[in-house]
Amino acid sequence: MHGLNPKQWEACSYTEGPLLILAGAGSGKTRVITHRIAYLIEEKDVNPYNILAITFTNKAAGEMRERVDKLVGMGAESIWVSTFHSMCVRILRRFADRIGADNHFTIYDADDQKTVVKEALKAAELDPKSYPEREMIKVISNAKEQFMDPDEYEKSAAFGFREKNIAKVYREYEKRMRKNKAFDFDDLILKTIVLFQTAPDVLEYYQERFRYIMVDEYQDTNHSQFLLISLLAKKYRNLCVVGDDDQSIYKFRGANIYNILNFEDTYPDAHVVRLEQNYRSTQRILDAANAVIKNNENRKAKRLWTENGEGDKLEFMSYDSEYDEADGITDIIQQELLAGKNYSDMAVLYRTNMQSRVIEEKMVMRGIPYVLVGGTGFYDRKEIRDIVAYLKVMDNPADDIALRRIINVPRRGIGDTTVDRLQDIAIAEGISMLDAAVSEDYTAKLGRSGGKVLEFGRMVDELRRTEGVTELFDALMEKTGYKLSLESENTDEAKTRLDNLDELRNKIVDYEEGSEMPSLTELLEEIALVSGSDDSEDDQDKVTLMTLHSAKGLEFPVVVMAGMEEGLFPSGISLDSDDPDAVEEERRLCYVGITRAMQKLYMTSAMYRMIRGSREPRQVSSFIEEIPSELIINHSAGRGFSRRSADDSLFYGDSFGGNSSGFGAGSGARSFGRGGSGNGSSGFGRGAGSGSFGSGNGSSGFGRGAGSGSFGSGNGSGRNRNAQSAASVYAPVKRGLSGGFTPSYGVGDTVKHIKFGKGTVKALEQQGTDWEVTVQFDSVGEKHMFASLAKLKKV
DNA sequence: GAACCCATCATTTTT
DNA sequence: TGATGGGTTC
């Protein structure tokens, strides 16, 4: 047991009773948890069998499993390391019958839920337009989280007409879930709690088993997860929760930050350990993060620090449009690449998925390799869902939702009317649709298509007898005609689908080889619980593009936070909300973003952005203003685009001008022609030396003047002076990205860019501490870029 | 059953 | 703007 700092050690060795570990970003949290487990076993003689470690994602569980195995060795396999949901599945597979359910159940994902809601709406004779599926799912989920069945939901408040109807939908929804022997994700937690409440012996069994419980990412737990943990920990009270209230960013999906904030109220004897030493980022990055997050009211005081050194300043750039922003981002990436970074060292983070489109376009144009995290996962693809639906029917013939999906896929002439009638019969007889489909008595009632239904039912019945999961998959592809129908399409799209199905087959083979007792049930469970996106097969050299949310838990040497605009980040919805916590949650998200960066952090924004089809002026995110100016270089200072400045007329609007239109403002730009302390192209050593920019003041004078909070209090003329002095302050710094940069070329000069080759300087305009230079390149046409980033060399 | 048109509606996402 | 879903038409 070595290599832990005193706080980490304290967290590891405090083993009895409730313990709250407030683990700041990058504070070595996973290390603490794994070491703590090892300590329990080795020093406290705890039987590994009595330890439970719960995480949120399968990825986290996998990583923890691996690290625990490495650290503990013998006996490690009997430690339960699992997600909330897979833990509950495991318990329910064994005991669900104790609450009147079937131990053999199917798990419904969001898509299945939607289908069930659709059917429920139809059954309740409600118009999906006035009762949108999305909302229904949310209401049902909330109700379940609050432990309310449809009756309780209906009774629970001064509900009106609408709520009564929603209760009806909820009731119909539940009816179908039961009939299909299905649980949704909320059910997995909920039913386990119900089980514990109705079968005290089962609860006792698990309490005895899990004498030491650890919960990771505790700030993400919702109410029912809290209850579940409380029940399990009630007897021995050895509950260790680890989390960071400042990183609670999942309220929208039920996370309750008060679980962690009030932990000490729930457990008054709780011991609290704060892990504030950060091993990831530079001090400047942490200072920025601290400065932003301290604006939140609702939090436990914390302050991150590091021994990593001061590091470079953050950089903020404002661009004219989202296209220019994307261009700027690719510039940043290329410059960092030249500075010695790999593509895979860099990530671009944004608030909304929609922002990725433009960035992707520019990345493609510039030939920058990237991976987009999120988006449609493997298991969301139509062909995969189709085949999985077949597998689900094989596994659980009561699953009418799955059956409906595939009864006419590929086309076998069974239309909607027939399917509806089949369903009516099944409901009337209290049997499954498949049962009805294999009985001539029933199919005879279906008229002309009855024969086809019967044929389908018999085919499914026969397939069900196939031994082995891979064999079943193969038989399925052939006998259902799915493969044939794709093959005969003979299009590129169909080929891709076939490839994807091959991929699915590979996964199945992998599964069968890796599992001790492979079964279709377990395979489907894995598919439902492990959302395909987690297999990061590529350790290739690519820039990562993802939302701020998906970045949680990750780290990158270079991070670009894009779209730092009020209304986008923080989101408009949060700004409009009357709940003050809404903006605080956005701020936490900002904190998460900042703390992903190890060495360099860039923030970008656009002055105009296409929002729902119309071009709208934007203002810079208030989060930028929360970062002290001595920590961040503002490459667009002095441009006064804050509408909130005392004088609205300072709104410079378009000065960046699209492509050609010269940059307005004229300003004595050129006069600075040269100077150029050896910055040329050379330079860019590694990060190291950093410390050099002491004297934070240099860049001041930009950014929010005094209290006003607005950028660039329009002192147009003063700018040059500022820049010059800034330049001299920073002159000795080798890294080109620091503040105050003086180009060593002027308009009309021929310059050389490392990537774009030769070109002629068309325009040069000062932008805060930096210069925007427009170059007509011989090969790639006109580009504009920040001089400090572009690394142009006069030839 | 496919092709088309119009209306509508747009955070964040894991299990 | 652009994706999506429902409804209509052939």
Side-chain angles (χ1 to χ4, degrees), chain A residues 54-61 82-89 107-114 118 127-129 132-135 137-138 141 144-145 183-190 192 217 220-222 224-225 248-255 321-323 349-358 361 373-377 379-380 408-417 489 525-534 546-553 563 565 567-577 582-583 585-586 588-590 592-593 609-616:
Chain A
I54 303 179
T55 63
F56 256 84
T57 64
N58 292 290
K59 199 174 148 211
S82 117
T83 64
F84 272 104
H85 296 269
S86 38
M87 173 179 82
C88 290
V89 168
I107 301 163
Y108 276 4
D109 64 17
D111 209 74
D112 300 319
Q113 272 189 71
K114 211 170 127 187
K118 261 186 205 160
D127 180 8
K129 274 187 183 126
E133 287 147 24
R134 250 180 89 111
E135 189 196 337
I137 290 176
K138 194 146 193 200
S141 177
K144 287 185 175 182
E145 230 165 69
F183 286 153
D184 62 30
F185 289 124
D186 295 311
D187 284 333
L188 296 176
I189 313 285
L190 186 83
T192 306
E217 304 284 8
D220 288 339
T221 50
N222 64 27
S224 48
Q225 286 157 347
S248 167
I249 54 172
Y250 284 115
K251 185 178 182 182
F252 69 92
R253 70 180 199 214
S321 68
E322 68 267 40
Y323 295 97
L349 311 181
Y350 36 79
R351 179 65 239 265
T352 67
N353 282 122
M354 125 211 146
Q355 291 168 259
S356 73
R357 215 191 85 245
V358 178
E361 277 168 17
V373 176
T376 338
Y379 292 106
D380 292 331
N408 199 32
V409 178
R411 306 262 118 79
R412 29 179 95 85
I414 304 174
D416 283 348
T417 331
E489 257 186 63
E525 196 174 296
E526 251 177 53
I527 292 177
L529 258 27
V530 180
S531 76
S533 59
D534 66 325
M546 64 185 154
T547 62
L548 287 152
H549 280 92
S550 1
K552 200 175 79 159
E565 294 149 36
L568 183 59
F569 188 38
S571 73
I573 291 172
S574 70
L575 291 169
D576 294 342
S577 165
V583 174
E585 174 126 338
E586 296 282 308
R588 290 192 286 269
L589 191 54
C590 185
V592 167
R609 183 182 295 273
M610 208 55 119
I611 302 282
R612 285 191 230 138
S614 71
R615 189 172 151 79
E616 289 185 6

query = Is A:Phe252 stacked on the base of B:dT12, with ring centres under 5.5 Å apart and planes under 30° apart?
reply = yes

task = Over all heavy atoms of both residues, which pair between A:Tyr250 and A:Asp220 is shortest? Give the atoms and the distance, please.
result = CD1-OD1, 3.7 Å

request  = Classify the nucleic acid contact of A:Leu529 as base, sugar-phosphate or nothing, counting any heavy atom under 4.0 Å across all strands shown.
outcome  = sugar-phosphate

query = Over how many whole Å does the gap from A:Lys138 atom NZ to B:dT13 atom P extend?
reply = 14 Å

task = For A:Phe183, check ring pair (Phe, Tyr, Trp, His ring centres under 6.0 Å) against everything at least two apart and list the hits.
result = A:Phe105

ask   = So, is A:Asn353 close to the B:dT13 phosphate, meaning a side-chain N or O under 4.0 Å from OP1 or OP2?
value = yes

query = What's the closest nucleotide to the A:Asn408 side chain, out of B:dT15, B:dT13, B:dG1?
reply = B:dG1

request  = For each nucleotide in nucleotides 1-10 of chain C, reading 5' to 3', give B when a protein heavy atom comes within less than 4.0 Å of its base, S when such contact involves only the sugar-phosphate, and - otherwise.
outcome  = BS--S-----

note = Rounded to the nearest 0.5 angstrom, the CG-CG distance for A:Asp416 and A:Asn408 is 8.0 Å

request  = Report the distance from atom CG of A:Asp111 to atom C1' of B:dT13, rounded to the nearest whole Å.
outcome  = 14 Å

request  = Between B:dT11 and C:dG6, how far apart are the C1' atoms? Round to whole Å, please.
outcome  = 25 Å

ask   = Does B:dT11 adopt a syn or an anti glycosidic conformation, taking syn as a chi angle within 90° of 0?
value = syn

query = Is the phosphate of B:dT11, meaning OP1 or OP2, less than 4.0 Å from a side-chain N or O of A:Thr547?
reply = no

ask   = Quick one: is A:Asn58 getting a side-chain N or O under 4.0 Å of the B:dT14 phosphate, OP1 or OP2?
value = no

ask   = B:dT14 C1' sits how many Å from A:Ile189 CD1, rounded?
value = 11 Å

ask   = Rounded to whole angstroms, how far apart are CE on A:Met354 and C1' on B:dT11?
value = 9 Å

ask   = Whole-Å distance between B:dT11 C1' and A:Leu548 CG?
value = 11 Å

ask   = Rounded to whole angstroms, how far apart are CD1 on A:Ile611 and C1' on B:dA10?
value = 11 Å

message = Rounded to whole Å, please give me the gap between CD in A:Gln113 and P in B:dT13.
response = 17 Å

remark   = By side chain to side chain contact (heavy atoms under 4.5 Å, CB included), A:Asn353 pairs with (sequence neighbours left out) A:Tyr350, A:Thr547

inquiry  = Going by the rule salt bridge (charged side-chain N to carboxylate O under 4.0 Å, His left out), which residues pair with A:Glu361 if we only count those two or more places apart in sequence or in a different chain?
reply    = A:Arg357

remark   = With sequence neighbours left out, the residues meeting side chain to side chain contact (heavy atoms under 4.5 Å, CB included) with A:Lys138 are A:Asn142

key: Nearest-Å distance for atom pair CD/C1', residues A:Glu585 and B:dT11   = 11 Å

note = Judged by nearest nucleotide, the residue sitting upstream toward the 5' end of DNA chain B, A:Ile249 or A:Ala528, is A:Ile249

query = Which comes earlier along DNA chain B counting from the 5' end, the contact point of A:Arg134 or that of A:Asp109, where each point is its nearest nucleotide?
reply = A:Arg134

ask   = Got a sec, which residues hit ring pair (Phe, Tyr, Trp, His ring centres under 6.0 Å) with A:Tyr323, two or more places apart in sequence or on another chain?
value = none

